[in-house]
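Here the structure comes first, spelled out in structure tokens, and everything after it is commentary.
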Amino acid sequence: MKTLKYITLVLGISLLSSCLDEEPKYSMDNTVQFSNEANAKMALDGCYGYMTTHNVYGHFYAELTIGGSGFGWFQTNGSYQDDYTSLRARLSDDLNQGVWQGLYQVVNETNSFIANVVDSPLDNDVKVTMAAQAKFLRALAYYNLATLWGDVPFKTTVSAIGAVDLPRTPKAEIFAQCESDWTDAFNDLPATVTDGYGSKWAAKAFLGKLYHTMACQGDDSAWQKAKECFDAVYGKFALEGKFQDLFADNVNNSKESIFQLNYTTTSDYNKSRLHWVFSPRDSGVGVSWARTTITKSFYDKFRGTYPGDPRIEGTFFRKWRKYQNGAPKKQIFKERLTANDSAYCYPYFSYATDELLELNDGTGKTQKVQAEDCIPYDQVSDPMNPSYDELNSGDIANGKRVIDNFANKSKLNAYQTHWPIIKKYYDPAQVGQNAHKNVIVYRYAEMLLDMADVYNETGNTDKAISLVNEVLKRARQSIAGATQPADWTTGLGKDEVREKIYFERLFETCGEHGQYQRARIWGTRYDLFKHLLEVNNNHSITQKVYELGEGKVNFSERRFGDNGVLTDDFLKKNLLLPICQKELNTNSAITDADNNFGY
């Protein structure tokens with residue numbers, strides 16, 4: 001199947017929130033009449049197109065939800081990215097504001113589309129199906145708004161051209177609209193999955209995700225509803241045979257994709273800058289900066305839990321060939337590739353040696369070699385948390401080099417290579433800043449883990465374990481001969497399984513959209529979010545780098561909390577983002593006093 005290119009149609013302008021004062025490139029108002037199905041289809045594609053823009057899944061939403069998750073890393077330079085990554089998000093934050101605006105543009109356009117298509121002379125079957133597509137999309141926009149900001153302005157009718165002042169509506173009412181829209185989508189959409197569009201079973205899966213979120217956050221009546229939804233969807237999708245195939249070049253027709261958004265490098269509107277944001281510098285033809293990465297502590301938690309897990313290779317860059325002038329850098333030495341022409345990132349590192357090799361230029365001259373190495377996880381007491389003191393003791397062969405690279409004060413100005421870099425968005429076919437890899441928004445593996453939560457909380461822990469084991473089995477089978485991640489054994493207790501599922505979902509989906517919400521799915525219940533942040537605060541190398549670099553350099557580490565203390569107030573405040581300053585400035589129905597945090 002060819003990649004869907006979201007067609008755009010300029011039909012007028014209408015705005016929902018007063019934050020939205022930038023003119024959309026494609027939008028409609030309530031005066032439009034769809035005279036034929038082709039025009040309506042173009043406008044519907046425009047609604048989907050808004051979800052693919054830089055403000056939402058094409059850049060800002062990914063960077064905000066990954067960087068601000070509690071295990072993302074951005075340089076400690078005092079910028080707004082530093083602030084939200086440090087869990088002290090500002091009101092005047094470009095990404096915060098951009099995502100808010102982008103999601104409300106989707107809400108506004110779907111509201112207008114639904115009103116126009118319902119009043120159109122099209123055949124009733126066409127109108128019902130197209131309205132269901134728009135409702136599917138509107139529910140996703142509102143779900144993201146409510147999980148990021150809690151109580152938000154709410155409207156489902158068409159607005160006149162111009163600003164609209166709306167107060168915050170309780171999150172429960174927002175979720176009720178998501179429930180209604182996804183229910184209608186389930187009833188009225190086809191069962192056949194078409195990449196880039198909602199389907200019947202995608203709507204049911206998202207309903208399950210909605211109920212799962214509500215239940216985790218305190219609505220115990222939602223557990224059974226979530227179970228019924230997930231049971232209905234179970235088996236309608238399937239896991240891909242290999243984990244890494246999910247992030248291959250422009251994946252289409254994946255049996256694991258519940259819903260995805262498709263990209264192309266040739267559109268003026270649906271653009272993805274995900275390679276530009278997340279892939280390492282000099283790793284391909286296009287420009288990329290790896291400005292948002294993952295913490296050392298989370299990588300070690302993942303690797304220490306499942307040593308040899310094939311997902312680690314599929315999730316993180318660890319070494320790559322450097323590019324120069326749009327092509328792989330020429331091999332420096334005649335004998336082999338080395339760190340002179342390749343790059344490495346945590347837990348790998350390079351270091352100077354006295355070894356001489358002949359240059360690969362025919363001159364016969366020699367040059368000193370840059371060698372590479374890795375943290376010796378098999379030699380440390382705790383692979384989930386390699387000890388600075390243990391590595392620095394000299395008892396471990398390359399311990400001194402590890403410390404020189406990842407904790408020595410003179411090395412703190414190193415660029416991106418000191419943090420694990422996300423591999424999932426790497427796109428060798430990028431053009432300029434624009435990538436063409438499609439993005440799976442919700443996939444079956446994540447649904448199975450959400451479903452496992454539901455079974456665990458409703459008294460069937462062994463069934464929960466079997467669902468998780470489906471995901472672990474696929475991970476093992478991704479590389480021949482892998483023995484990790486090993487299956488969980490039956491007989492584990494409910495509380496233990498709850499925490500294991502929490503981290504398993506983060507391992508499986510690390511670096512994917514929605515990382516912010518997944519980290520906070522339980523709110524402050526059971527201290528799971530606190531435990532995640534403690535992984536960082538208690539990480540030995542992280543602590544040492546923080547101590548050496550505090551207030552001195554941009555490429556240091558951070559500790560979460562009030563002076564490193566994770567108080568209840570700090571945790572609750574960081575369950576939600578602050579509403580952007582632009583909305584506060586222009587929407588008279590919302591004041592600073594309304595800008596509360598937490599659930």
Side-chain angles (χ1 to χ4, degrees), residues 71 230 234-235 237-247 255-256 294-316 318 346-347 374-387 420 423-424 443-457 460-512 515 518-519 521 526 528 531-532 534-535 538-539:
F71 56 103
F230 289 143
Y234 184 77
F237 301 89
L239 296 173
E240 285 290 344
K242 295 181 179 180
F243 176 80
Q244 58 268 29
D245 288 348
L246 292 163
F247 313 101
K255 58 188 178 182
E256 189 165 336
I294 299 297
T295 60
K296 298 179 177 73
S297 56
F298 185 82
Y299 178 93
D300 286 344
K301 171 76 172 177
F302 188 175
R303 191 212 171 279
T305 302
Y306 298 126
D309 188 334
R311 293 177 299 182
I312 295 173
E313 178 65 27
T315 299
F316 302 104
R318 293 186 290 181
Y346 188 91
C374 181
I375 289 177
Y377 289 102
D378 59 343
Q379 298 181 54
V380 297
S381 299
D382 183 3
M384 291 192 197
N385 189 0
S387 165
K423 190 177 185 179
K424 292 178 176 178
R443 56 187 178 89
Y444 192 56
E446 184 181 355
M447 195 207 84
L448 290 177
L449 296 172
D450 292 343
M451 187 177 179
D453 252 342
V454 170
Y455 271 91
N456 187 51
E457 298 301 323
N460 193 342
T461 297
D462 283 350
K463 173 65 173 179
I465 291 171
S466 72
L467 290 166
V468 174
N469 285 344
E470 290 186 42
V471 178
L472 301 182
K473 180 181 179 181
R474 187 275 299 280
R476 280 196 308 278
Q477 293 177 342
S478 297
I479 296 179
T483 59
Q484 289 285 352
D487 282 351
W488 298 357
T489 59
T490 57
L492 300 174
K494 179 179 179 179
D495 291 345
E496 182 181 3
V497 168
R498 180 190 300 120
E499 180 155 350
K500 285 172 71 69
I501 292 172
Y502 173 79
F503 278 100
E504 180 58 36
R505 185 161 43 231
L506 299 180
F507 297 155
E508 171 71 24
T509 63
C510 178
E512 298 177 39
Q515 191 164 286
R518 286 188 289 272
I521 186 66
Y526 309 116
L528 291 174
H531 291 175
L532 174 65
E534 286 173 340
V535 168
N538 296 333
H539 188 253

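- Considering every non-hydrogen atom in both Ala486 and Leu472, the closest pair reads O-CD1, 3.4 Å.
- Under the rule for a salt bridge (charged side-chain N to carboxylate O under 4.0 Å, His left out), Lys255 has no partner lying at least two apart in sequence or in another chain.
- Applying the side chain to side chain donor-acceptor pair (under 3.5 Å) test to Asp495 and every residue at least two apart in sequence or in another chain returns Arg498.
- Separating the OG1 atom in Thr490 from the CD1 atom in Ile465 is a distance of 6.5 Å, to the nearest 0.5 Å.
- Here the side chains of Phe71 and Ser297 are not in contact, with every heavy-atom distance at 4.5 Å or above.
- Pairs of residues two or more places apart, or lying in two chains, never qualify as side-chain hydrogen bond (donor to acceptor under 3.5 Å, both in side chains) while including a residue from residues 477-486.
- Residues Pro307 and Asp309 form no side-chain contact, since every pair of their non-hydrogen atoms from C-beta on lies 4.5 Å or further apart.
- Rounded to the nearest 0.5 Å, atoms CZ (Arg303) and CZ (Arg318) are 8.0 Å apart.
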For this session: Just do the side-chain contact (heavy atoms from CB on, under 4.5 Å) check on Glu512 and Lys424 with the steps written out, would you?
Result: CA-CA 8 Å; Glu512 298 177 39; Lys424 292 178 176 178; 2.7 Å; yes
For this session: Check step by step if side-chain contact (heavy atoms from CB on, under 4.5 Å) holds for Leu239 and Leu448.
Result: CA-CA 10 Å; Leu239 296 173; Leu448 290 177; 4.1 Å; yes
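- Listed by chain and residue number, nothing satisfies the side chain to side chain donor-acceptor pair (under 3.5 Å) test with Thr315 (two or more places apart in sequence, or in another chain).
- Under the 4.5 Å side-chain criterion, counting only non-hydrogen atoms from C-beta, Glu313 is in contact with Lys423.
- Qualifying salt bridge (charged side-chain N to carboxylate O under 4.0 Å, His left out) partners for Asp462, counting only residues two or more places apart in sequence or in other chains: none.
- Heavy atoms only, all atoms of each residue included: Ala464 and Ala452 are closest at CB-O, 3.1 Å.
- With a 4.5 Å cut-off on side-chain heavy atoms, His539 and Tyr299 do not count as touching.
- Ion pairing of Glu508 with Arg443 is present here, as a side-chain N (NZ or NE/NH1/NH2) and a carboxylate O approach within less than 4.0 Å.
- Using a distance-only test at 3.5 Å, with no hydrogens or angles considered, a donor-acceptor pair links the side chain of Arg476 to the main chain of Pro485.
- Looking at residues two or more places apart in sequence or on another chain, you find no salt bridge (charged side-chain N to carboxylate O under 4.0 Å, His left out) involving Glu240.
- At distances below 3.5 Å, not a single donor-acceptor pair connects side-chain atoms of Asp300 with backbone N or O atoms of Pro383.
- Residues satisfying the side chain to side chain donor-acceptor pair (under 3.5 Å) criterion with Gln515, sequence neighbours excluded, are Ser69.
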Under 3.5 Å, sequence neighbours excluded: what are the donor-acceptor pairs made by side chains of residues 499-506?
| residue | atom | partner | partner atom | Å |
| --- | --- | --- | --- | --- |
| Glu499 | OE1 | His531 | ND1 | 3.4 |
| Glu499 | OE2 | His531 | ND1 | 3.2 |
| Tyr502 | OH | Ala519 | O | 2.6 |
| Glu504 | OE1 | Tyr306 | OH | 2.7 |
| Glu504 | OE2 | Arg311 | NH1 | 2.6 |
| Glu504 | OE2 | Arg311 | NH2 | 3.1 |
| Arg505 | NH1 | Asp450 | OD1 | 3.0 |
| Arg505 | NH1 | Asp453 | OD2 | 3.1 |
| Arg505 | NH2 | Asp453 | OD2 | 2.9 |

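- With a 6.0 Å cutoff to the six-membered ring centre and a 45° limit on the axis angle, Lys463 counts as a cation-pi contact of Tyr234.
- Judged as a ring-ring contact (aromatic ring centres under 6.0 Å, His included), and not counting sequence neighbours, Tyr455 has no contacts.
- Within the 4.5 Å cutoff, no side-chain heavy atoms of Glu470 are placed close to those of Met451.
- Every side-chain contact (heavy atoms from CB on, under 4.5 Å) that Asp382 has, sequence neighbours left out, goes to Met384, Asn385.
- Not counting sequence neighbours, Lys301 has no partner by the salt bridge (charged side-chain N to carboxylate O under 4.0 Å, His left out) test.
- Contact annotation: the side chain of Phe316 approaches that of Cys510 to within less than 4.5 Å [non-hydrogen atoms, C-beta and beyond].
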For this session: Begin with the C-alpha distance, continue with both residues' side-chain angles, and end with the deciding distance and a verdict on side-chain contact (heavy atoms from CB on, under 4.5 Å) for Leu467 and Leu449.
Result: CA-CA 7 Å; Leu467 290 166; Leu449 296 172; over 6 Å; no
Exercise. Between Ile294 and Tyr346, is a side-chain contact (heavy atoms from CB on, under 4.5 Å) present by the stated rule, with each step listed?
Worked result: CA-CA 10 Å; Ile294 299 297; Tyr346 188 91; over 6 Å; no
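- Using bins of under 30°, 30° to 60° and over 60° for the plane-to-plane angle, the ring pair Phe507/Phe302 lands in the parallel bin.
- For Tyr526, there are no side chain to side chain donor-acceptor pair (under 3.5 Å) partners, not counting sequence neighbours.
- For the residue pair Tyr444 and Gly235, the shortest heavy atom distance occurs at OH-N, 2.9 Å.
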